[in-house]
Amino acid sequence: MNVFYEESGDFKVAAIMSETDATLQVEDARGKRSKIKAQDVRIRFDKIALADFMPQAAALAEELDLDFIWEVAGGEEFGFLDLSREYFSASPSTLEQAAMVMRLHGNPMYFYRKGKGRYKAAPEENLRAAKAGQEKKAREAALMAEWQAELLAGHVPEALKSHIKTLLHRPDKNTIEWKALAAAADVAQKSPLRLLDSCGAIPDVEAWLLDGFLAEYFPKGTGFPAIELPPAPTDLPDAGVRAFSIDDAATTEIDDALSVTPLADGNTRVGIHIAAPTLGVAAGSTMENVVLARLSTVYFPGDKITMLPDAVVESFTLAEGRDCPAVSLYVTVTPEFEIVASESRLDRVHIAANLRHHDLDPVFNEETVALPDGGPDYPWKTELLYLHRFAIALEKARGKHDPNRVERPDYSFAIEPDAAGVRRVRIYPRKRGSPMDKLVAELMILCNSTWGKQLADARIPAIYRAQAMGRVKMTTTPSPHVGLGVAQYSWASSPLRRAADFINQQQLLAMLSGEPPRYAQRDPMLFAALRDFDTTYNAYAEFQGRMERYWCLRWLEQQGVQEAQATVVKEDLVRFDGLPLMLRIAGLPELARGTPLKLQLIRTDYLDLALECRLLEAGEPTAVVDEEEELLEAAELEAEVAVAEGDAPPAPAVA
């Protein structure tokens with residue numbers, strides 16, 4: 001005797017070897033033996049061979065009219081044998097019984113399972129909806145097959161073109177567009193990104209990189225809500241100074257200005273004046289919410305995304321010819337450049353000039369400041385030379401002055417269209433540690449470390465940068481910054497561009513006015529703002545680094561460079577000479593740090609921002625400073641220079 005039985009949702013046949021009331025020992029056509037439950041047996045038969053039974057039953061099941069069976073079944077629960085008798089005859093054959101149960105079981109859209117061998121016809125409205133869903137799936141399957149064919153042929157289907165950005169950056173993997181793309185990519189043995197690229201869906205890698213960043217960090221766009229500007233204070237005392245700023249020509253967010261005032265006793269009062277966008281900004285206001293959402297200005301070659309709207313920047317930037325509200329730090333300096341007094345106050349400062357790098361570079365540089373008379377005459381010469389000498393004294397006081405140190409250059413990017421409208425890049429070096437850089441950086445470090453101490457002494461919480469054991473972190477506790485050589489270091493000098501500075505200025509204003517601070521001790525909102533700022537600021541810097549790396553690769557292609565000089569930084573990481581570009585070179589042999597290399601450029605991969613290179617020559621290693629130590633020591637100084645001058649925060653271009 002043989003049995004037709006159900007096991008794990010499938011039907012099988014086997015010969016009975018032995019049985020009890022509850023179980024059977026059976027053997028299938030291949031000789032495999034197993035133990036099954038008696039309740040899982042649906043039919044017993046003996047006149048049809050095991051190997052023939054299932055194919056014949058399946059063929060007969062396919063002939064059964066589903067819609068007719070559904071109508072015959074009625075609305076009550078039934079057993080498959082009962083329906084077999086109604087459909088076939090009063091005594092249906094074992095094959096007919098098996099065909100019926102297979103047909104019922106294989107169409108859950110028509111028949112719901114209610115128990116062992118028992119079913120119930122689906123309600124008419126449920127069946128209608130299920131059929132519509134099935135038809136939709138069939139149409140979608142046909143569409144997906146059509147799209148897959150087009151993708152594999154190297155074309156983007158018309159229906160997918162409006163979904164390209166989503167598919168590239170934020171795909172919904174439940175959509176048929178993504179499923180079609182993923183299926184085609186599997187067939188092509190490529191990633192979906194590579195497949196789309198091969199179909200011409202990424203004609204502009206720069207735009208692709210920017211779109212990916214915007215999709216993640218600005219999903220609602222880069223526009224601003226309407227912001228009602230806080231009223232300008234009318235009762236601020238006149239600072240009584242003429243201040244000037246030093247910035248790149250393209251800078252619009254001018255956060256800081258400087259003043260130098262000789263005093264009757266032979267001392268000098270140096271003023272560091274910081275824009276005050278926090279004046280009148282109420283807790284929970286639209287402007288504060290924008291700052292806490294954006295967290296920083298985003299810089300990248302050729303463009304930027306500001307933290308604050310242009311109208312707000314225009315209202316508070318330290319623009320030439322205006323009397324601007326400012327939070328000012330005044331330090332009294334002896335002729336020996338020792339600070340003997342300091343004072344912080346909120347006042348109104350006259351900005352007499354916005355000095356620009358391109359005007360100062362030719363006249364205020366390492367060569368001219370070394371001359372006895374400071375070189376040729378130029379506006380603000382006396383003040384600049386004094387501040388440069390003061391900056392050197394500040395650097396010595398921090399224990400960081402090294403006149404013999406060879407500084408690696410910084411680089412600036414200019415992106416301009418050529419006659420054909422193709423964007424081309426110019427990369428030009430700018431010597432790090434120039435008198436301008438040193439002057440700005442040292443005074444900002446003085447400002448931030450002094451205000452950090454004043455806030456700590458007043459027991460008002462703030463956001464600090466700290467470094468110990470080679471690690472830089474952000475904290476709400478005033479802690480030493482070993483790399484800078486200061487006891488505490490807050491960021492407060494760029495409130496138009498960084499949320500940390502904006503928050504610290506809110507705390508400073510409370511300290512100066514004697515009012516309760518915006519953030520109290522152990523305020524969870526301050527911890528949240530610190531965490532969000534740190535994460536976002538690093539992400540923005542990483543994006544900047546990716547864009548700079550892209551334009552470095554474009555520059556190599558644009559200049560037709562086929563061979564390049566580089567230096568081993570560590571293992572397979574090399575720095576290209578004359579470019580702010582560090583890349584990992586696959587297959588590079590083990591070489592000592594500082595080894596000069598001659599590389600042949602073979603292929604550029606813009607999607608991975610990588611270069612395939614072949615090593616042509618390796619020279620003798622030169623003495624190098626410790627790369628990690630160098631970066632840690634310079635990071636904060638460079639950040640202050642970059643932000644104060646309106647450039648991007650530094651981000652090494654490392655792949």
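A quick note: this is a predicted structure, and the numbers were derived from the prediction, not measured.
Remark: the backbone N or O of Arg423 is paired with a side-chain donor or acceptor of Arg554 at under 3.5 angstrom. Between the side chain of Trp70 and the backbone N or O of Ala122, at least one donor-acceptor pair lies under 3.5 Å. A donor-acceptor pair is defined here as one N or O able to donate and one able to accept, closer than 3.5 Å; no such pair exists between the side chain of Thr475 and the backbone of Tyr464. Between the side chain of Asn538 and the main chain of Asp534, a donor-acceptor pair closer than 3.5 Å is present. Glu146 places no side-chain N or O within donor-acceptor distance of the main-chain N or O of Ala142, the cut-off being under 3.5 Å. Panel note: side chain Arg497, backbone Glu253; a donor-acceptor pair is recorded below 3.5 Å. Checked by atom type and distance alone, the side chain of Arg294 pairs as donor or acceptor with a backbone atom of Thr222 at under 3.5 Å. In this structure a side-chain-to-backbone donor-acceptor pair under 3.5 Å is present from Arg593 to Val569. Looking only at distances, a side-chain donor or acceptor of Asn504 sits under 3.5 Å from a matching main-chain atom of Trp491. Between the side chain of Gln558 and the backbone N or O of Val425, at least one donor-acceptor pair lies under 3.5 Å.
Heavy-atom minimum distance, Ala180 versus Leu151: O-CD1, 4.3 Å. Of all non-hydrogen atoms in Glu150 and Pro157, the two that sit nearest each other are OE1-CA, 3.6 Å. Minimum interatomic distance between Trp178 and Pro192 (heavy atoms only, all atoms of both residues): CH2-CG, 3.7 Å. The two residues Leu553 and Ala610 have their closest heavy-atom pair at CD1-N, 4.0 Å. Residues Leu601 and Ala564 approach most closely at CD2-CB, 4.3 Å, considering heavy atoms. In terms of heavy-atom proximity, Glu571 sits nearest to Leu588 at O-CD2, 4.0 Å.
Take Lys161 and apply the side chain to side chain contact (heavy atoms under 4.5 Å, CB included) test, not counting sequence neighbours, and it matches Val156, Glu158. The ring pair (Phe, Tyr, Trp, His ring centres under 6.0 Å) test applied to Phe11 returns Phe4, His105, not counting sequence neighbours. Taking the side-chain hydrogen bond (donor to acceptor under 3.5 Å, both in side chains) definition, one finds that Tyr217 meets it with nothing, sequence neighbours left out. A search for side-chain hydrogen bond (donor to acceptor under 3.5 Å, both in side chains) contacts involving Asp532 returns nothing, not counting sequence neighbours. By the side-chain hydrogen bond (donor to acceptor under 3.5 Å, both in side chains) test, Asp523 pairs with no residue at all, sequence neighbours left out. Scored by the salt bridge (Lys or Arg N to Asp or Glu O under 4.0 Å) test, Lys179 finds no partners at all (sequence neighbours excluded). Remark: Lys131 pairs with Asp67, Met109, Tyr110, Leu127 by the side chain to side chain contact (heavy atoms under 4.5 Å, CB included) rule, at least two apart or across chains. Every residue was checked against the ring pair (Phe, Tyr, Trp, His ring centres under 6.0 Å) condition with Tyr119, not counting sequence neighbours, and none meets it. Lys114 meets the salt bridge (Lys or Arg N to Asp or Glu O under 4.0 Å) test with no other residue; sequence neighbours excluded. Taking the salt bridge (Lys or Arg N to Asp or Glu O under 4.0 Å) definition, one finds that Arg139 meets it with nothing, sequence neighbours left out. Partners of Glu6 according to the side-chain hydrogen bond (donor to acceptor under 3.5 Å, both in side chains) rule, which considers only residues two or more places apart in sequence or in another chain, are Arg42, Arg113.
For the residue pair Thr604 / Glu557, no side-chain donor-acceptor distance below 3.5 Å is found, with atom types taken as modelled.
Once rounded to the nearest 0.5 Å, the distance linking OG1 of Thr536 with CZ of Phe543 reads 14.0 Å. Distance CG/Leu616 to CG/Leu599: 7.0 Å, rounded to 0.5 Å.
Between Phe213 and Tyr540, a ring centre-to-centre spacing shorter than 6.0 Å is recorded.
Atom CD of Gln559 sits in a crowded spot, with more than 12 heavy atoms from other residues, nucleotides or ligands closer than 6.0 Å. Other residues, nucleotides and ligands contribute at most 12 non-hydrogen atoms within 6.0 Å of the CD atom of Glu228. With a 6.0 Å radius and a threshold of 12 heavy atoms from other residues, nucleotides or ligands, Phe68 has its CZ atom at or below the threshold.
Lys598 is listed as a side-chain neighbour of Gln565, based on a closest heavy-atom distance under 4.5 Å.
Here ring-ring contact (aromatic ring centres under 6.0 Å, His included) pairs that include residues 547-603, with residues two or more places apart or in two chains, are Tyr550-Tyr606.
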